[in-house]
Asks: 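Okay, handing you the structure first.
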Amino acid sequence: MLWYHYLFGAVLIIASIIIVAVVLMQEGRSQNLSGAIAGGAETFLGKSKGRTIEAKLEKITKWLIIAFFVFVLAAFLVFLFIG
């Protein structure tokens, strides 16, 4: 195996571990009874959703997954054409 096989493999493993960690840091969508009771507060506080930690984690997750997909596609093309 060539050196870039190891490089692509290491980067993909590290990126997947980071994605899993960021996803696990997010809260679940259903908050059971407390979410039902405080549901009215979400509409009032919805204006500042872009500044909350949860919104930032969602944006980070989205960009990490896009970068991961692009990197996997690049690795596939390199392995396909270069070998």
Side-chain angles (χ1 to χ4, degrees):
M1 290 179 64
L2 299 173
W3 63 271
Y4 54 84
H5 290 124
Y6 294 112
L7 179 68
F8 277 118
V11 170
L12 288 174
I13 289 171
I14 292 170
S16 63
I17 291 171
I18 292 172
I19 289 172
V20 167
V22 171
V23 168
L24 288 176
M25 287 176 17
Q26 296 178 10
E27 294 180 11
R29 293 287 181 203
S30 66
Q31 297 176 351
N32 299 333
L33 188 57
S34 64
I37 294 172
E42 287 185 26
T43 58
F44 178 70
L45 299 174
K47 296 177 184 176
S48 65
K49 184 180 180 197
R51 292 177 282 208
T52 63
I53 294 173
E54 190 67 26
K56 289 179 184 176
L57 284 175
E58 287 179 10
K59 287 180 185 179
I60 290 170
T61 304
K62 177 179 69 174
W63 287 110
L64 280 174
I65 292 174
I66 290 170
F68 184 80
F69 176 76
V70 169
F71 197 77
V72 167
L73 185 62
F76 172 74
L77 291 175
V78 166
F79 295 153
L80 183 66
F81 293 116
I82 295 176

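Note that these values count all heavy atoms, side chains included, but never hydrogens, waters or copies made by symmetry. Treat the numbers as computed from the prediction; the structure is a model and nothing was measured.
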Asks: Can you get from Val22 to Val70 by hopping between Ile, Leu, Val, Met, Phe, Trp and Tyr side chains that sit under 4.5 Å apart?
Replies: no
Asks: What's the shortest heavy-atom distance between Gln26 and Leu57, and which atoms?
Replies: NE2-O, 3.2 Å
Asks: Under 4.5 Å between side-chain heavy atoms, counting indirect links through other Ile/Leu/Val/Met/Phe/Trp/Tyr residues: same cluster for Ile13 and Val11 or not?
Replies: no
Asks: Quick check for you: to the nearest 0.5 Å, what is the distance between Lys59 atom NZ and Glu54 atom CD?
Replies: 12.5 Å
Asks: What residues, two or more places apart in sequence or in another chain, satisfy side chain to side chain contact (heavy atoms under 4.5 Å, CB included) together with Ile82?
Replies: Tyr4, Val78
Asks: Applying the 4.5 Å side-chain criterion to the ILVMFWY set and letting contacts propagate, would Ile14 and Trp3 be lumped into a single cluster?
Replies: yes
Asks: Do any pairs count as a ring-ring contact (aromatic ring centres under 6.0 Å, His included) and have a residue in residues 56-77, sequence neighbours left out, and if so which ones?
Replies: Phe8-Phe71
Asks: Ile53 and Ile60: same hydrophobic cluster, using ILVMFWY side-chain contacts below 4.5 Å?
Replies: yes
Asks: Are Ile19 and Leu24 connected in the hydrophobic side-chain network, where two residues link if heavy atoms are under 4.5 Å apart?
Replies: no
Asks: Report the distance from atom NZ of Lys56 to atom OG1 of Thr61, rounding to the nearest 0.5 Å.
Replies: 14.0 Å
